[in-house]
Amino acid sequence: TFNMTFNFNRGTFDATSKTTDKEKEDTQKAIRNRNFRLAMLFGFDKTAYNAQNVGEEGASRSLRNTLVPTEFVSIDGKPYGETVEEKLKALDSEAFGDIDLAEGQDAYYNAEKAKKYMDLAKSELEADGVEFPIHLDFPQLETRETNVNMAKSLKQTVEAALGKDNVVIDIQLLNQDKYLAATYQATTGEAGDFDISNASGWGPDYVDPSTYLNIYNSRTGENMK
């Protein structure tokens with residue numbers, strides 16, 4: 001499973017379009033705002049993004065809406081994903097009450113919801129002195145044409161759903177050494193030179209959801225470094 005990662009504690013700004021400390025601070029405040037992250041989730045058209053890699057006919061086939069595959073294991077005779085869906089809807093029925101986590105389709109993309117949560121986030125953040133638009137640095141390996149096109153797709157759909165006056169995705173084209181140092185090889189969030197990244201994924205080592213979930217263990221998780 002590959003996923004989009006937010007950097008909650010960025011401290012490196014070698015590859016950035018930001019020009020002031022205020023922009024850096026405002027971006028961090030936005031990333032740490034739950035409604036802002038929900039707006040990003042609902043504003044990201046994963047089908048269009050995938051189509052840049054496998055074409056329109058295959059775009060939905062590899063879409064996944066959960067970190068752990070929905071059919072990975074069973075709980076009381078039901079696919080794991082059904083339990084996750086029940087828990088998610090109970091956690092926040094307003095945001096997730098109508099979603100279907102089944103694979104092979106995009107459970108989240110909804111421009112109307114995206115705008116709703118962007119409005120909520122903007123109200124909260126402006127009250128804290130944040131100025132818009134929020135600029136999100138998104139590093140990409142400059143030699144990977146497909147990945148760059150996928151990044152362009154994300155930029156297009158998110159900016160269209162949320163409005164360029166609210167969010168701008170700044171794609172940073174880097175050589176291999178700089179790209180790896182900024183993303184995959186960064187040992188802490190502070191060392192990570194990105195606001196959002198799609199550099200990391202995870203595959204299972206054994207047949208238990210914990211093989212995926214443990215990467216986000218707050219103390220020992222591989223993806224929490």
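Predicted model, so just to flag it, every value in this text is computed and none were measured.
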Engineer: Taking side chain as C-beta onward, heavy atoms only, is Lys152 less than 4.5 Å from Ile169?
Structural biologist: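 With C-beta onward as the side chain, the pair stays apart.
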
Engineer: How close do Phe72 and Pro204 get, counting heavy atoms only, and between which atoms?
Structural biologist: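 So the minimum-distance heavy-atom pair works out to CZ-CB, 3.7 Å.
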
Engineer: Measuring from atom OG1 of Thr66 to atom CG of Leu88, what distance do you get when rounded to the nearest 0.5 angstrom?
Structural biologist: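 Atom-to-atom, Thr66:OG1 and Leu88:CG are 10.0 Å apart.
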
Engineer: Quick check for you: to the nearest 0.5 Å, what is the distance between Gln28 atom CD and Asn7 atom CG?
Structural biologist: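 It comes to 6.0 Å.
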
Engineer: Under a single-linkage definition using a 4.5 Å side-chain heavy-atom cutoff for Ile, Leu, Val, Met, Phe, Trp and Tyr, are Phe96 and Met118 assigned to the same hydrophobic cluster?
Structural biologist: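 No: no chain of side-chain contacts under 4.5 Å links Phe96 to Met118.
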
Engineer: For Lys22, run the side chain to side chain donor-acceptor pair (under 3.5 Å) check against Asp26, Thr19, Thr20 and tell me which one passes.
Structural biologist: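 Single pass found, and it is Asp26.
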
Engineer: Would you kindly confirm whether Val158 and Ile134 end up in one hydrophobic cluster when ILVMFWY residues are joined by side chain heavy atoms under 4.5 Å apart?
Structural biologist: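 Looking at the clustering, Ile134 is in the same group as Val158.
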
Engineer: For Tyr184 and Ser200, which heavy atoms make the closest approach, and how far apart are they?
Structural biologist: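 It is CD1-OG, 3.9 Å.
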
Engineer: What I'd like to find out is whether the side chain of Arg10 reaches to under 4.5 Å of the side chain of Ile31, using heavy atoms alone.
Structural biologist: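 No, side chains not in contact.
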
Engineer: Run through Asp195, Asp193, Asp137 and flag the one making a side chain to side chain donor-acceptor pair (under 3.5 Å) with Gln172.
Structural biologist: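 Answer after filtering Asp195, Asp193, Asp137: Asp137.
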
Engineer: Leu141 versus Asn147: any side-chain heavy-atom pair under 4.5 Å?
Structural biologist: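 Heavy-atom side-chain distance check fails, nothing below 4.5 Å.
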
Engineer: If I compare all heavy atoms of Phe132 with all of Asp165, which pair ends up nearest, and what's the gap?
Structural biologist: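 It is CB-O, 3.6 Å.
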
Engineer: Within a reach of under 6.0 Å around CD of Gln156, are more than 12 heavy atoms found that belong to other residues, nucleotides or ligands?
Structural biologist: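 Counting neighbours around CD of Gln156, 12 or fewer heavy atoms of other residues, nucleotides or ligands fall under 6.0 Å, so no.
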
Engineer: Check this for me: does any side-chain nitrogen of one of Lys113 and Asp98 sit under 4.0 Å from a carboxylate oxygen of the other?
Structural biologist: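 Looking at Asp98 together with Lys113, the answer is yes, because their closest N to O distance falls below 4.0 Å.
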
Engineer: Are Asp21 and Lys24 ion-paired here, with the side-chain N under 4.0 Å from a carboxylate O?
Structural biologist: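 Yes, charged N to carboxylate O under 4.0 Å.
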
Engineer: Quick one, Arg37 with Leu41, criterion side-chain contact (heavy atoms from CB on, under 4.5 Å). Give me CA distance, side-chain angles, the key distance, then yes/no.
Structural biologist: CA-CA 6 Å; Arg37 298 194 306 275; Leu41 174 68; over 6 Å; no

Engineer: How many angstroms lie between CD1 in Ile196 and CG in Leu154, if you round to the nearest 0.5 Å?
Structural biologist: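 Reported to 0.5 Å precision, the distance equals 5.5 Å.
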
Engineer: Got more than 12 heavy atoms from elsewhere within 6.0 Å of CZ, Phe13?
Structural biologist: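 It does: Phe13 CZ has more than 12 such atoms within range.
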
Engineer: Working to the nearest 0.5 angstrom, can you tell me the gap between Asp128 CG and Asn33 CG?
Structural biologist: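 Here the rounded value is 9.5 Å.
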
Engineer: For the pair Asn175 and Glu142, evaluate side-chain contact (heavy atoms from CB on, under 4.5 Å) and give the outcome as yes or no after the intermediate values.
Structural biologist: CA-CA 6 Å; Asn175 64 38; Glu142 60 188 0; 3.5 Å; yes

Engineer: Quick check against the 3.5 Å criterion: does Thr146 have a side-chain atom that pairs as donor or acceptor with the backbone of Asn53?
Structural biologist: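 Flag not set: sc Thr146 to bb Asn53 has no pair under 3.5 Å.
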
Engineer: Does some side-chain heavy atom of Tyr109 sit less than 4.5 Å from a side-chain heavy atom of Thr47?
Structural biologist: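 No; the side chains remain at least 4.5 Å from each other.
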
Engineer: Run the side-chain contact (heavy atoms from CB on, under 4.5 Å) test on Glu222 and Trp202 for me, step by step, so that the C-alpha distance in whole Å, both residues' side-chain angles and the decisive distance to 0.1 Å come before the verdict.
Structural biologist: CA-CA 10 Å; Glu222 288 291 330; Trp202 194 260; 3.7 Å; yes

Engineer: I'd like to know whether Tyr108 forms a ring-ring contact (aromatic ring centres under 6.0 Å, His included) with Phe44, so could you lay out the CA-CA distance, the side-chain angles of the two residues, the decisive distance to 0.1 Å, and finally the verdict.
Structural biologist: CA-CA 8 Å; Tyr108 304 108; Phe44 174 22; over 10 Å; no

Engineer: Decide if atom NZ of Lys89 counts as having more than 12 heavy atoms of other residues, nucleotides or ligands within a radius under 6.0 Å.
Structural biologist: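 Counting other residues, nucleotides and ligands, NZ of Lys89 exceeds 12 neighbours.
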
Engineer: What is the minimum heavy-atom distance between Val167 and Glu159, and which atoms define it?
Structural biologist: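 What the structure gives for the nearest pair is O-CG, 3.5 Å.
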
Engineer: Can you tell me how far CG of Leu125 sits from CG of Asn35, rounded to the nearest 0.5 angstrom?
Structural biologist: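 Rounded to the nearest 0.5 Å, the CG-CG separation comes to 8.5 Å.
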
Engineer: Among Ser153, Ser62, Ser60, whose side chain to side chain donor-acceptor pair (under 3.5 Å) with Asn50 holds?
Structural biologist: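 So, applying the side chain to side chain donor-acceptor pair (under 3.5 Å) to Asn50 and each of Ser153, Ser62, Ser60, only Ser62 qualifies.
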
Engineer: Do Val84 and Leu101 have side-chain heavy atoms sitting under 4.5 Å apart?
Structural biologist: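 The answer is yes, as the side chains (C-beta and beyond) meet within the 4.5 Å cut-off.
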
Engineer: If the test is side chain to side chain donor-acceptor pair (under 3.5 Å), which one of Thr157, Asn198, Asp106 qualifies with Tyr49?
Structural biologist: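 Only one option passes, and that is Asn198.
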
Engineer: Are Glu25 and Lys29 close enough for a salt bridge, meaning some N to O gap below 4.0 Å?
Structural biologist: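 Lys29 and Glu25: not salt-bridged.
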
Engineer: Taking all heavy atoms of Ser197 and all of Thr183, pick out the closest pair and write down the distance.
Structural biologist: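 Reported closest heavy-atom pair: OG-CG2, 3.7 Å.
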
Engineer: Please determine whether residues Ile171 and Phe2 belong to a single hydrophobic cluster, defined as Ile, Leu, Val, Met, Phe, Trp and Tyr linked transitively by side-chain heavy-atom distances below 4.5 Å.
Structural biologist: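 No.
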
Engineer: Are there more than 12 heavy atoms of other residues, nucleotides or ligands under 6.0 Å from atom CD of Glu86?
Structural biologist: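 Buried by this count: over 12 neighbours within 6.0 Å.
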
Engineer: Would you say Leu38 and Met40 are hydrophobically clustered, going by side-chain heavy atoms of ILVMFWY under 4.5 Å?
Structural biologist: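 No, it is not one cluster - the side chains of Leu38 and Met40 are not joined through contacts under 4.5 Å.
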
Engineer: Tell me, yes or no, whether the heavy-atom count around Arg61 atom CZ, taken from other residues, nucleotides or ligands under 6.0 Å, exceeds 12.
Structural biologist: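 Open.
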
Engineer: Could you tell me if the side chain of Asn110 sits less than 4.5 Å from the side chain of Glu112, heavy atoms only?
Structural biologist: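 A side-chain contact exists here, since the closest heavy-atom pair is under 4.5 Å.
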
Engineer: What I'd like to find out is whether the side chain of Asn214 reaches to under 4.5 Å of the side chain of Thr220, using heavy atoms alone.
Structural biologist: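 The answer is no, as the side chains (C-beta and beyond) never meet within the 4.5 Å cut-off.
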
Engineer: Would a hydrophobic clustering, with Ile, Leu, Val, Met, Phe, Trp and Tyr connected at side-chain separations under 4.5 Å, put Phe8 with Phe36?
Structural biologist: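 In one cluster with Phe8: Phe36, yes.
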
Engineer: Assess whether atom NZ of Lys116 is packed by more than 12 heavy atoms of other residues, nucleotides or ligands within 6.0 Å.
Structural biologist: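 It does: Lys116 NZ has more than 12 such atoms within range.
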
Engineer: Step by step, would you call Thr16 with Asp170 a side-chain contact (heavy atoms from CB on, under 4.5 Å)?
Structural biologist: CA-CA 8 Å; Thr16 185; Asp170 293 315; over 6 Å; no

Engineer: Do Thr188 and Asn9 have side chains that get closer than 4.5 Å, going by heavy atoms?
Structural biologist: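 SC-SC contact between Thr188 and Asn9 ruled out.
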
Engineer: Where the side chain of Glu103 meets the backbone of Thr70, is there a donor-acceptor pair that is under 3.5 Å apart?
Structural biologist: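 Side chain of Glu103 to backbone of Thr70, a donor-acceptor pair under 3.5 Å: yes, one is there.
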
Engineer: How long is the span from the CG atom in Leu174 to the CG atom in Leu180, to the nearest 0.5 Å?
Structural biologist: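 Rounded to the nearest 0.5 Å, the CG-CG separation comes to 10.0 Å.
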
Engineer: Of the non-hydrogen atoms in Ile215 and Tyr212, which two are nearest, and what is the gap between them?
Structural biologist: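 Closest heavy-atom pair between Ile215 and Tyr212: CG1-O, 3.0 Å.
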
